[in-house]
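Structure, as structure tokens:
Residue indices begin at 1 and follow the sequence shown. Predicted model, so just to flag it, every value in this text is computed and none were measured.
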Amino acid sequence: MNHPLAAEPRSAVPAPAPAPAAAPAQVFDWLDQTAAMRAEAGLTRTLRSRAADDPVLDLAGNDYLGLTRHPVVTRAAADAALRWGGGSTGSRLVTGTTALHTELEQELAEFCGTEAALVFSSGYTANLAALTALTDPDTLIVSDAYNHASLIDGCRLSRADVHRAPHSDPAAVAEALADRAQPRALVVTDSVFSVDGDAAPLPALSEAVRAHGAALLVDDAHGLGVLGPGGTGALAAAGLAGQPDTVATATLSKSLGSQGGVVLGPRRVIRHLTETARTFIFDTGLAPAAAGAALAALRLLRAEPARAERAREVARTLARQLTAAGLHSCEPEAAVVSVRAPGPEAAVAWAADCRRAGLAVGCFRPPSVPDGISRLRLTARGDLTDGQIAEAVRIVAELAPAGARGE
């Protein structure tokens, strides 16, 4: 015998009432509510245009070697635009590869000690490409908890299983690799973490990777041009440059003072990315002006390798003097120097006060900081004079809010 309800017609079960349609002017009202919540939490972000002749001392950007305005670099950018045009005109596989792109890739690979290199429109797209093209559902990704947002987004898009490992913990990485069921694994880390400027334990991570048949992907955005002999990068500093199981990504917008990104590694990895990476195949190629500027900056660094050590020296000096002033500064391992703030609102106000006093500094606060601690971040530019360093320290220390020194 059938269930009694089985014989009832479908029309007897009332359908849920449709939600009332929002008026066109109301469909984005929820954005105002979330904006109000961000404002209440002190997390409002605003754009600020800067003039070309801004007199403020800039320790907020990522121009680690001071090459963005170097006349050789700007001349190269202008010459490239005049010769090749304002844009690359298409994707790299169609019309977007110029002789400049090829030269840049060859010289980046030679400089960093890898078999090959592939240039992208940004460091972000380079990371997305590496993570999505080098993994699949049969891959385990082990990602450092403090990795950059571009690596996190690459993990999300990868279709792989992702394990979030404790920060700079090779033992935890090894444990995750040992326990995996997947046939392939990729360990992912920044070389230098952008919040506190601490360096990843690359030799120990490499040991863990090799003990368990995995690969290592290192985002060297903050290491290229600063770490390693003559600025050749964190992999060179760790003795891992050119290794067959290791891939690096980097940006051209920091030490090389331009724009764009690059993946460096074994030739077969670069070939695979060229043929499969969606952010390479379907993205317009890097503008010739940016390629020309990056190539000129790279050649300057090769001719003047002391620029890398100078950036590290400036970072150590800034940290030492900030600490002597009673502030909580990190011990920098590259060119990032951070100073802890009492909270997000205090950090925003502190940075604004510094700017009014003639110094631009970065302001990091949740959710950009994985540990929830707000900070000011100073860029240790290699072209800073001793007088500029002392002035920057004076401004930061004099304008420090209550609680910055543990009061």
Side-chain angles (χ1 to χ4, degrees), residues 88-141 150-151 153-155 157-160 182-189 191 206 209-210 213-221 223-224 232-236 240-252 256 259-288 290-291 294-295 298:
S88 64
T89 76
S91 68
R92 289 288 310 277
L93 290 172
V94 184
T95 59
T97 298
T98 69
L100 282 175
H101 293 80
T102 303
E103 285 183 67
L104 178 59
E105 287 167 344
Q106 291 172 344
E107 295 197 26
L108 280 167
E110 180 184 347
F111 179 67
C112 296
T114 62
E115 287 184 351
L118 192 64
V119 165
F120 288 74
S121 61
S122 71
Y124 213 110
T125 55
N127 276 340
L128 295 185
L131 279 160
T132 56
L134 297 179
T135 63
D136 60 19
D138 290 325
T139 306
L140 172 69
I141 296 177
S150 57
L151 295 177
D153 287 352
C155 289
L157 292 171
S158 68
R159 299 174 298 139
Q182 298 84 355
R184 289 181 292 280
L186 180 69
V187 173
V188 184
T189 183
S191 65
S206 180
V209 159
R210 291 182 174 176
L216 179 62
L217 173 62
V218 179
D219 181 355
D220 204 21
L224 178 64
T232 46
L235 292 185
L240 299 175
Q243 294 301 303
D245 56 355
T246 304
V247 177
T249 61
T251 177
L252 312 179
L256 297 186
Q259 190 169 351
V262 63
V263 179
L264 302 127
R267 188 168 285 107
R268 58 183 176 174
V269 168
I270 300 306
R271 181 184 66 232
H272 179 72
L273 265 64
T274 302
E275 296 176 356
T276 66
R278 294 173 66 84
T279 57
F280 181 81
I281 297 170
F282 297 105
D283 191 21
T284 299
L286 184 68
L295 183 58
L298 178 62

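Nearest heavy atoms, Leu252 versus Gly261: CG-N, 4.0 Å. Taking each heavy atom of Pro288 and Thr98 in turn, the nearest pair found is CG-CG2, 4.4 Å. Between Ser191 and Gly223, the shortest heavy-atom contact is OG-N, 3.9 Å. Minimum interatomic distance between Leu264 and Ala117 (heavy atoms only, all atoms of both residues): CD2-CB, 3.7 Å. Contact between His272 and Ala133 at its shortest, heavy atoms only, is NE2-O, 2.7 Å. The nearest pair of heavy atoms linking Asp138 to Pro183 is O-CD, 3.2 Å.
Using a 4.5 Å cut-off on side-chain heavy atoms (C-beta onward), Phe111 and Leu224 make contact. Side-chain contact between Val119 and Arg92: present, with at least one pair of heavy atoms (C-beta onward) separated by less than 4.5 Å. The closest side-chain heavy-atom distance from Ser88 to Leu286 is not below 4.5 Å. Contact of the Leu235 side chain with the Cys112 side chain is not registered, since no non-hydrogen atoms from C-beta on lie closer than 4.5 Å. You'll find the side chain of Leu108 reaches within 4.5 Å of the side chain of Leu256, heavy atoms only.
Evaluation of the side-chain hydrogen bond (donor to acceptor under 3.5 Å, both in side chains) rule for Asn127 yields Ser150, Asp219, Thr249 as partners, not counting sequence neighbours. Thr102 pairs by the side chain to side chain contact (heavy atoms under 4.5 Å, CB included) definition with Thr97, Gln106, not counting sequence neighbours. With sequence neighbours excluded, the residues satisfying side chain to side chain contact (heavy atoms under 4.5 Å, CB included) with Glu115 are Pro266, Arg267. For Thr274, the side-chain hydrogen bond (donor to acceptor under 3.5 Å, both in side chains) test picks out no residue, with sequence neighbours left out. In this structure Phe280 satisfies the ring pair (Phe, Tyr, Trp, His ring centres under 6.0 Å) test together with Phe120, sequence neighbours excluded. In this view, Leu157 and Leu128, Thr132 satisfy the side chain to side chain contact (heavy atoms under 4.5 Å, CB included) rule, not counting sequence neighbours. Every residue two or more places apart in sequence or in another chain that forms a side-chain hydrogen bond (donor to acceptor under 3.5 Å, both in side chains) with Thr139 is listed here: Asp136. A search for salt bridge (Lys or Arg N to Asp or Glu O under 4.0 Å) contacts involving Arg210 returns Asp245, not counting sequence neighbours. Residues satisfying the side chain to side chain contact (heavy atoms under 4.5 Å, CB included) criterion with Ala215, sequence neighbours excluded, are Leu186. A search for side-chain hydrogen bond (donor to acceptor under 3.5 Å, both in side chains) contacts involving Glu107 returns Arg299, not counting sequence neighbours.
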Practice item. Applying side chain to side chain contact (heavy atoms under 4.5 Å, CB included), run through Leu273 and Leu134 and close with a yes or a no. Key: CA-CA 8 Å; Leu273 265 64; Leu134 297 179; 3.8 Å; yes
Exercise for review: Any chance you could lay out the side chain to side chain contact (heavy atoms under 4.5 Å, CB included) test for Leu240 and Val218, step after step, and finish with the verdict?
Suggested key: CA-CA 11 Å; Leu240 299 175; Val218 179; over 6 Å; no
Review point. Taking it one step at a time, do Leu118 and Glu105 satisfy side chain to side chain contact (heavy atoms under 4.5 Å, CB included)?
Key: CA-CA 6 Å; Leu118 192 64; Glu105 287 167 344; 3.7 Å; yes
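Here the straight-line distance linking atom CG of Leu216 with atom OG1 of Thr246 works out to 5.0 Å at 0.5 Å rounding. Atom CD of Glu110 and atom CG of Leu298 lie 9.0 Å apart (nearest 0.5 Å). Thr135 OG1 to Ile141 CD1: the interatomic distance, rounded to the nearest 0.5 Å, is 4.0 Å. To the nearest 0.5 Å, the span separating CD1 on Ile281 from OG on Ser91 amounts to 8.5 Å.
In summary, the side chains of Ser121 and Asp283 do present a donor paired with an acceptor at a separation below 3.5 Å, with no hydrogens or angles considered.
Sequence neighbours left out, not one pair with a member in residues 122-132 passes salt bridge (Lys or Arg N to Asp or Glu O under 4.0 Å).
Using a distance-only test at 3.5 Å, with no hydrogens or angles considered, a donor-acceptor pair links the side chain of Asp220 to the main chain of Ala234. Looking at His101, its side chain never comes within 3.5 Å of a backbone N or O of Ala291 through a donor-acceptor pair.
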